[in-house]
Amino acid sequence: MIDLKQLRENPEHVQARLNLRGNFDLKPILDLDQQQRELEMKRSLLQARSNEIGKLVGQKIQSGTNPQSSEIQALRDEGNQVKAQLGELEPQEKEIKAQLEAILLTVPNLPSESTPVGKSEEDNVEIRRWGDEYLPGNPNIVPHWEVGEKLGILNFERSAKIAQSRFVTIIGAGAALERALIQFMLDRHIAEGYTEVIPPFLINSQSLTASGQLPKFADESFKCDRDDLWLTPTAEVPITSLYRDEILPTEALPIYHCAYTPCFRREAGSYGRDTRGLIRLHQFNKVEMFKFVHPDTSEAEHQTLTQDAEGVLQALKLPYRVLQLCTGDLGFSATKTYDLEVWLPSSGKYREISSCSNCMDFQARRGNLRFKEAGKKGTQFVHTLNGSGLAVGRTMAAILENYQQPDGTIQIPDVLQPYMGRSVL
RNA sequence: GGAGAGGUGGCUGAGUGGUCGAAAGCGCUCGACUUGAAAUCGAGUGUACCGAAAGGUACCGUGGGUUCGAAUCCCACCCUCUCCGCCA
């Protein structure tokens, strides 16, 4: 959620930043805010009078005035009058507040000053590239879904029978590879200082609202209708809410977490795209990194978070590049994002395998997650950052292609061999 | 799923209609005493919104209601705990 106070004090600036990522008119918010504050002022004055009457009546009765006396009756009458007025104002104010809140929840985060201006993914900026020396020499690489099926480790057809299209069953050594990747990534991040969590995979609406998936992107998640529970689209959601509605002591920061979870996405609106393989499934595994940090450190923390994600690709010797997303391609909650794209030889393209975002105080505001600095009055919102480290299915796809041998076998990356107990698939 | 108990500030816990944002204790912060510490004593110690400020308003699980006045009474819901059932 954007800062209403900042918007009020500097509307042109906020509107200008917001315009960089699309059109969103903030005027209605300012109007509602104005109305709301006027109503609040009126209401609290009435409320004060009402409280005063209440106290007076109590005092008089206790000091012996007859409750039936005309003096008390007059006060009661006035109390009723005030109450009648309040009865009109209160619903109005509530309604306006609700409207304001509803709109605010649909406003995306402001792009950071360092985010390149642009309209679409075309305008994203390549920051660096790594691992050219590991680009496979084999010119006849078979797409990962084909090798996978040939090796009997991936089955899409039977998965469609069990569930739907866009699901996969991973079998035998493939399943071992998937597990090895999860374990390998977690071990790395734990060594880097992230504390592992295994959160609930079913999540309530409030949590999805805090991280930014709701209300705007309800179509992207699977819902269990009778329970107000949703299948987690990413571990970012439950972890954002881990300390929701809390006030942490400064000493608690920074908090680093990593988590393995399956992720469930409806992929509404992408029906024609990536219909084959492991790239776009309704269910996939992911290891996520998450940081709760002091605002002063969030930029530096964002850099190291991105490095920690890159470290996984480097250890696996998978060629990748780092893009900085432009203002037009930024996710809803992010103020600044680096995407990591891994080389997929079969399509001759780099494909997103990790997205590392700084959301600053946007999610913390929605989730009311604050910290208190000793000696300073008041509280501040923490900054939240998240990054995939990495999407496991896509990593598997990258390995099945980049490590593919001319004879169709797959070499296992060195660092995974201890986890697999074998060197070839 | 059935039966019962309960949800109060950082914690423990009092409060069943009146001046209660809430006793007391613990904890924490500052100060005094002390060579230092402990102990002791004194002061302070929730959050948010409105307001230039003085100050005001809201919050005792959540939402409604009764009343001049609700932490306290009524209704609905949520959550936690115990027992039974079921189950990995």
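Below, chain A is the first sequence line, B the second, and so on; all start at residue 1. Predicted model only: the values in this text are computed from it and were never measured.
Phosphate proximity of B:G51 to A:K42: absent, as no side-chain N or O sits under 4.0 Å from OP1 or OP2. Within the structure, a side-chain polar atom (N or O) of A:R8 is placed less than 4.0 Å from OP1 or OP2 of B:C50. Distances shown here put every side-chain N or O of A:R49 at or beyond 4.0 Å from the OP1 or OP2 atom of B:U57. Neither OP1 nor OP2 of B:C49 sits under 4.0 Å from any side-chain N or O of A:S44.
For A:V237 against A:I203, the heavy-atom pair with the smallest separation is CG1-CG2, 3.8 Å. Of all heavy-atom pairs spanning A:L86 and A:P91, the tightest one is O-CD, 4.0 Å. Contact record, A:Q15 with A:L26: OE1-N, 3.0 Å, taken as the closest heavy-atom pair.
Nucleotides B:G25 and B:A76 place their C1' atoms 37 Å apart, quoted to the nearest Å. Nucleotides B:A32 and B:A37 are separated by 15 Å at their C1' atoms, to the nearest Å. The same atom, C1', is picked in B:U16 and in B:C73; the two are 9 Å apart, to the nearest Å. Straight-line distance between the P atoms of B:C60 and B:G10: roughly 14 Å, to the nearest whole Å. Rounded to a whole angstrom, the distance from the C1' atom of B:A22 to that of B:U8 is 8 Å. To the nearest whole angstrom, the two C1' atoms, one in B:G36 and one in B:C50, are 49 Å apart. For the C1' atoms, the distance linking B:C33 with B:C81 amounts to 47 Å, nearest Å. Nucleotides B:G63 and B:A70, compared at atom C1', are 15 Å apart to the nearest Å.
For A:F290 and A:H257, the ring centers sit 6.0 Å or farther from each other. You'll find the ring centres of A:Y338 and A:H302 inside the 6.0 Å limit.
For the pair A:L39 CG and B:U57 C1', the computed distance is 14 Å after rounding to whole Å. Computed from coordinates, the A:D245 CG to B:G61 C1' distance equals 12 Å when rounded to whole Å. For the pair A:I247 CD1 and B:C28 C1', the computed distance is 15 Å after rounding to whole Å. Taking atom CZ of A:R37 as the reference point, atom P of B:A52 lies 9 Å away to the nearest angstrom. Rounding to whole angstrom units, CG of residue A:D33 and P of B:C49 are separated by 12 Å. Rounded to whole angstrom, the span from the CD1 atom of A:I53 across to the P atom of B:C68 amounts to 11 Å. Summarising the geometry, the separation between CG on A:N51 and P on B:A22 is reported as 13 Å, rounded to the nearest angstrom. One atom, CG of A:L4, and another, C1' of B:C50, lie 13 Å apart when rounded to the nearest Å.
Of the candidates B:U57, B:C49, B:U47, B:C49 carries the atom nearest the A:E40 side chain, counting heavy atoms from C-beta on. When distances are taken from the side chain of A:R43 to each of B:U57, B:C50, B:U19, the shortest belongs to B:U57. Proximity note for A:K5 (side chain, C-beta onward) versus B:G56, B:U47, B:C50: the nearest is B:C50. In this structure, of B:A58, B:G56, B:C68, it is B:G56 that holds the atom nearest to the side chain of A:A48. Closest to the side chain of A:K372, from the set B:U47, B:G51, B:A58, is B:U47. The side chain of A:K55 sits closest to B:U19 out of B:G51, B:U19, B:U47. Of all nucleotides listed (B:C68, B:G56, B:C49), B:C68 comes nearest to the side chain of A:K83.
Using modelled atom types, no side-chain atom of A:S241 and backbone atom of A:P238 make a donor-acceptor pair closer than 3.5 Å. A donor-acceptor pair is defined here as one N or O able to donate and one able to accept, closer than 3.5 Å; such a pair exists between the side chain of A:R21 and the backbone of A:L330.
Residues satisfying the salt bridge (charged side-chain N to carboxylate O under 4.0 Å, His left out) criterion with A:E88, sequence neighbours excluded, are absent altogether.
The structure places CZ of A:F264 at 8.5 Å from OG1 of A:T232, a figure rounded to the nearest 0.5 Å.
Residues from residues 60-73 of chain A lying near RNA chain B, meaning a heavy-atom separation below 4.0 Å, are A:I61, A:Q62 in numerical order.
Counting only Watson-Crick or G-U wobble pairs whose defining distances are both under 3.5 Å, the stems of 3 or more consecutive pairs in RNA chain B are B:1-7 with B:78-84, B:10-12 with B:24-26, B:27-32 with B:40-45, B:46-50 with B:55-59, B:61-65 with B:73-77.
In terms of position on RNA chain B, the residue among A:Q36 and A:R76 whose nearest nucleotide sits closer to the 5' end is A:Q36. Nearest-nucleotide positions on RNA chain B place A:Q47 closer to the 5' end than the other of A:Q47 and A:L75.
Side-chain contact between A:E288 and A:T261: absent, with no pair of heavy atoms (C-beta onward) separated by less than 4.5 Å. With a 4.5 Å cut-off on side-chain heavy atoms, A:I153 and A:I410 do not count as touching.
Under the 4.0 Å criterion applied to side-chain N and carboxylate O atoms, A:R365 and A:D361 are assigned as salt-bridge partners.
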